[in-house]
Amino acid sequence: MGELNDRLKEDIRPLIDLIDTLRSKGVQKGLDLALPTIVVIGDQSSGKSSVLEALAGVALPRGTGMVTRCPLELKLRTAKDGIDWTATLSYKQMNVVSGQNHSPYILETITFRDPLLVEQHVKTAQNELAGEGAGISDELITLEIRSPDVCDLTLIDLPGITRVPVQGQPPDIGNQIKTLIMKFIRRPETLILVVVPCNIDIATTEALQMAQNVDLEGTRTIAVLTKPDLIDRGTEKGVLATAQNKKIRLHKGYIMVKCRGQQQIDENISLEEALEMERVFFKKHKHFRRLLTDNKATISTLAKELTENLVDHIKKSLPLLDDEIRKQLREIRKELNRIKDGPPQDPQGARQFLIKTLTGFNDKIKLLSSGDLIITDNLFTQLRKEYKKWSDQLNKRKSSFNHEARVKEQITRSRGRELAGFSSYRVFEMILQDHVDQFKDPAFILLRTIKEIIIRQFCAVSNECFQSYPALLRITRNKINHIQSSQQIKAEERIQEQFQMEKMIFTQDDIYFNSLNENEIERFSEVQLPFCDVATKYTEMLKAYNGIMVKRMSDHVPMLAQHFMLKKAADHLRNDMLTLMNEADVHQILSGSSDDSRRQRRDLLQSRRDSLNMAMEEISKCV
Ligand code: GDP
Ligand code: MG
């Protein structure tokens, strides 16, 4: 991408390098820093890999079916002219040599100079991480490409969204993929590149909805429209309106690109040739050529837009990152202080010490679950944010809940021997039942998110209380995970029930009439409604009922989640911890706190502290 002007490059370089340094430091030292990146999401075969390879100027594995099975981090780095194309592929692998002094992972690294080998190497790495079948894994594969012809960008390609598992795939593959995608796009530091083909109905694109759900203001979502050469005749105007941001409005709008189609790949059209063909395509296109003049088309426009956004985003993220580092430093200092005192050696004293430690933990869990203790981030703020997203989702579809056409169609379709004008309740019920069904997946996703948040918070408490006692820490973490999983099953059952009940379509008459009359000029009365002809009012009636359902669900699901995953889970955990107090082998529970391991822990903490300090220094150079 030679299009980027030099000024931009000079701006970008130090920032991208900074993020790179922080990332590699972070990986080495086991720090968990949230760093800005671009993530590519979309349905399977929407053209994600095609867009990526056009940006990268390198062929990526692709074909039919699921090709991307692990998150693939693509680091593009401009090299000086005259430097040959070089790629380095790396991923974590389980260390076969195990033992205390060995890390559980080793970093597998392969360097090569032939672009044609990318596909094969990525495939091999995916097979190592996700198995030979069609499963997926969350482990990251990193492919760094240095070449004079690429721009400075880091992107992550994710598996495409599928609904129907193919042979060899787990039945919940759809959910696994969505969870994986959520994990990446939920982070506020992530820019989301949503890839949508022009030839499908964009309103129903799940990827776009997911992005909108996590990025409510739309400030970090960029939409790419692919396959403009494959649209049906006569739909050009509609597609153009979408591309001009006149239909589904996005804060950052859309960019249309044309990548290589299957035929062009079969004909060995190079990526460079394809870029030229893309330009000609837009120039000659009767409808889309104005996108070219508006800077809303072509891969190179996209590259430029992305880089600008990323730089902007990095600049915005730096102060947050700085805060985060300071917070981690405070934690480390606290622990370093704590590490000085260990448990007494005599049995009596040791048990007393254990009881004190466990009681301290239980008290904290109690305070945490009642909102009176803030460990890392405020738990209830996080929960509330998720609840709000859930209710936004319900409400968003409420405003788009307009079924006039469906009502008509259904009435026509279900009409039997009756004379015109006599319509059936079945239609009403069916439409609502379909509508309710849509929320099942989001409800389960909400529950999983809540679970993750709570696990993180509970683990933070145990880290704080038991940091110097690895055995105790391990026992507690296992308990936390175990309790959360069994609570999740219970909550899922209840949510399932809730949905079954919602499908009965029920509410009290007075509630229904209130809702019906809420936004109506013409009032319905309890006396008159049962006797008048209401088929023409179906739309209003559907809306009224939907409003009631939305209210009910928007409270009920979060209440269930909170009751099972937080309140009950905290009770169970505290009970479980009490039983530990009577455990025979106090020394075993408190083991690992020998002078040696304390020293090791202290060294680790000190080296983390040093690299955090260094990271902070690096950041201060850039802001
Ligand atoms: P992914 O599953 O989202 O990574 O999708 P791919 O990038 O593998 O693309 C799926 C298919 O669509 C491939 O056969 C591509 O060649 C084709 N394709 C992608 N973009 C375009 C485009 O702009 N025009 C045409 N005609 N085909 C495209
Ligand atoms: Mg792909």
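Indexing begins at 1, ligand by ligand and atom by atom, following the structure's order.
- Those atoms of ligand 1 with a heavy atom of Asp43 less than 4.0 angstrom away are 3 (O).
- Against a heavy-atom cut-off of under 4.0 Å, Leu230 is close to the following atoms of ligand 1: 25 (C), 26 (N).
- Distances below 4.0 Å separate heavy atoms of Asp229 from the following atoms of ligand 1: 22 (C), 23 (O), 24 (N), 25 (C), 26 (N).
- Below 3.5 Å of separation, one finds no N or O of Ile265 facing any N or O of ligand 1.
- Between Phe439 and His435, the angle of the ring planes goes over 60°, which puts this pair in the perpendicular group of the 30/60° scheme.
- With contacts defined as side-chain heavy-atom distances shorter than 4.5 Å, the pair Ser49/Thr68 qualifies.
- You'll find the side chain of Thr301 stays beyond 4.5 Å of the side chain of Lys296, heavy atoms only.
- The shortest N or O to N or O distance between Gln262 and ligand 1 is below 3.5 Å.
- Here's the thing with Cys259: one of its N/O atoms is less than 3.5 angstrom from an N/O atom of ligand 1.
- Under the rule for a side chain to side chain contact (heavy atoms under 4.5 Å, CB included), the partners of Ala207 that lie at least two apart in sequence or sit in another chain are Ile41, Ile161, Val194, Thr205.
- No N or O atom of Lys258 sits closer than 3.5 Å to an N or O atom of ligand 1.
- Under a 4.0 Å heavy-atom criterion, Gly42 is not in contact with ligand 1.
- Residue contacts with ligand 1 for Arg260 involve N, CA, C or O but no side-chain atom from C-beta outward (heavy atoms, distance under 4.0 Å).
- Listed by chain and residue number, Arg249, Leu250, Tyr254 satisfy the side chain to side chain contact (heavy atoms under 4.5 Å, CB included) test with Asn245 (two or more places apart in sequence, or in another chain).
- Distances from ligand 1 to the non-hydrogen atoms of Gly160 include no value under 4.0 Å.
- For ligand 1, one of its N or O atoms has an N or O atom of Lys227 under 3.5 Å away.
- Between the side chains of Glu452 and Thr449, not a single donor N or O lies within less than 3.5 Å of an accepting N or O.
- The Mg ion (ligand 2) has no N, O or S atom of Gln44 under 2.8 Å away, backbone or side chain.
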Where do Lys451 and Gln488 land on the side-chain hydrogen bond (donor to acceptor under 3.5 Å, both in side chains) test, with the steps shown first? CA-CA 7 Å; Lys451 176 182 165 190; Gln488 181 186 11; 2.8 Å; yes
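- In this structure, Val51 does not count as a contact residue of ligand 1, since none of its heavy atoms falls inside 4.0 Å of the ligand.
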